J.: 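One structure, as structure tokens, below. Some questions next.
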There are 2 protein chains.
Amino acid sequence: MSLEPKTNIWIEKDNKVVLSLWRVRLLEAIAETGSISAAASKMGVSYRRAWEKIQECETRLAVKLVDTQTGGSGGGGSSLTPEAVAYVDRFRKFAAGLDEFVSERFEKYFLDG
Amino acid sequence: MSLEPKTNIWIEKDNKVVLSLWRVRLLEAIAETGSISAAASKMGVSYRRAWEKIQECETRLAVKLVDTQTGGSGGGGSSLTPEAVAYVDRFRKFAAGLDEFVSERFEKYFLDG
DNA sequence: TATCGTTATGATATCACAGCATAACGGAAT
DNA sequence: ATTCCGTTATGCTGTGATATCATAACGATA
């Protein structure tokens with residue numbers, strides 16, 4: 001069979017996504033790699049898509065999340081604003097334990113009894 | 001602000017959805033109304049879409065979920081198989097408490113501190 | 001001043017999905 | 001017997017979202 005439980009969690013404002021697991025992972029990847037470009041390839045999406053999603057989050061939250069710099073030695077780069085770091089941190093705490101919650105219940109109701 | 005937490009939960013097999021909150025609600029609507037057509041309009045989607053989703057679930061689970069009858073006094077109708085009833089029941093238990101879990105954590109990390 | 005990788009967008013192609021249309025079915029009413 | 005009606009079942013087509021491609025601007029370094 002190989003059934004497996006899946007779950008997702010996100011936050012909306014005016015019925016539009018402002019933060020999600022995927023978007024938070026993207027922000028974390030930007031923090032790690034120091035560039036939107038590297039973060040995008042790490043996430044397996046085009047730069048275009050990554051950039052658009054960041055714009056969406058910033059517009060909808062009305063908060064600047066990513067500081068960007070064009071040109072320079074490495075061609076430029078990006079980093080998270082303190083506000084973004086705070087959002088990522090809070091979202092991670094918010095989402096912590098969800099997978100365990102779901103897989104526990106899955107075992108209980110789909111594997112055992 | 002009016003930020004609000006959202007969540008979803010579903011079950012996959014070979015990376016394809018076999019059951020989800022939406023699909024289970026659709027099955028429940030079929031059980032209540034006695035027809036795919038009425039269930040579809042109750043769910044706010046076209047009959048086409050509802051029918052396709054049911055086919056998907058049946059194919060991927062390799063289980064007949066809906067007994068259908070064409071023609072007759074009321075034009076026909078549909079009802080859930082015992083297997084479908086069992087799946088709906090287990091999924092409901094599986095998903096129970098998720099909303100509370102999420103909204104509780106949301107309050108804790110996004111509203112309070 | 002030439003180079004190079006990154007940011008920032010426009011333009012175009014592709015694809016899942018929604019909406020529309022239609023055939024088959026069969027109990028009930030005429 | 002025949003017409004009627006609402007439902008099942010499925011093909012066809014338009015459309016909006018998304019993915020892919022292309023290109024300009026930028027500026028520290030060599």
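First the proteins, then the strands, lettered A, B, ... as listed; each starts at 1. None of these values were measured; they are calculated from a predicted model.
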J.: How long is the line joining CD of A:Gln69 and C1' of D:dA25, in whole Å?
T.: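 Interatomic distance, CD of A:Gln69 to C1' of D:dA25: 14 Å.
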J.: In terms of relative ring orientation, are B:Phe91 and B:Phe94 parallel, tilted or perpendicular, with 30° and 60° separating the classes?
T.: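 Ring orientation of B:Phe91 relative to B:Phe94: perpendicular.
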J.: With a non-hydrogen cut-off below 4.0 angstrom, is A:Arg48 in contact with a base, only sugar-phosphate, or nothing?
T.: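 Touches a base.
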J.: Just wondering, more than 12 heavy atoms not from A:Gln69 lying within 6.0 Å of its CD?
T.: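 For A:Gln69, atom CD is not crowded (no more than 12 foreign heavy atoms under 6.0 Å).
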J.: Is any side-chain N of the basic residue among A:Arg48 and A:Glu52 closer than 4.0 Å to the acidic one's carboxylate O?
T.: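 Between A:Glu52 and A:Arg48 there is a salt bridge, with a charged N closer than 4.0 Å to a carboxylate O.
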J.: Report yes or no: is the cationic atom of A:Arg60 (NZ for Lys, CZ for Arg) closer than 6.0 Å to the six-membered ring centre of A:Trp10, at no more than 45° off its axis?
T.: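 No; the conditions do not both hold, so A:Arg60 does not lie above the ring face of A:Trp10.
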J.: Assign each of A:Gly72 and A:Ser46 to its nearest nucleotide of DNA chain D by heavy atoms, then name whichever residue's nucleotide is nearer the 5' end.
T.: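 Nearer the 5' end of the strand: A:Ser46.
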J.: D:dA9 C1' sits how many Å from B:Lys64 NZ, rounded?
T.: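 It works out to 12 Å between those atoms.
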J.: Hey, does B:Thr68 reach any base, or is it just sugar-phosphate, or nothing, if we go heavy atoms under 4.0 Å?
T.: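 Sugar-phosphate: the residue B:Thr68, judged by heavy atoms under 4.0 Å, touches backbone atoms but no base.
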J.: Could you give the CZ-to-C1' distance, from A:Arg49 to D:dA17, as a whole number of Å?
T.: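 After rounding, the reported distance stands at 10 Å.
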J.: Looking at A:Arg49, A:Lys13, A:Lys16, A:Arg23, which one forms a salt bridge (Lys or Arg N to Asp or Glu O under 4.0 Å) with A:Glu56?
T.: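 Result: among A:Arg49, A:Lys13, A:Lys16, A:Arg23, A:Arg23 is the only option passing the salt bridge (Lys or Arg N to Asp or Glu O under 4.0 Å) with A:Glu56.
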J.: Using chain B heavy atoms and a threshold of under 4.0 Å, write down where along DNA chain C the contacts begin and end, 5' to 3'.
T.: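 Listed 5' to 3', the contact boundaries are C:dA18 to C:dA28.
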J.: For A:Lys53 and for A:Thr70, locate the closest nucleotide of DNA chain D by heavy-atom distance; then report the residue assigned to the nucleotide nearer the 5' terminus.
T.: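 Per heavy-atom nearest nucleotide, the more 5' residue is A:Lys53.
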J.: More than 12 non-hydrogen atoms from neighbouring residues, nucleotides or ligands closer than 6.0 Å to NZ on B:Lys93, yes or no?
T.: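 No, not enclosed.
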J.: Measure the distance from CD1 on B:Ile36 to P on D:dT10 and round it to the nearest whole Å.
T.: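 From B:Ile36 CD1 to D:dT10 P: 11 Å.
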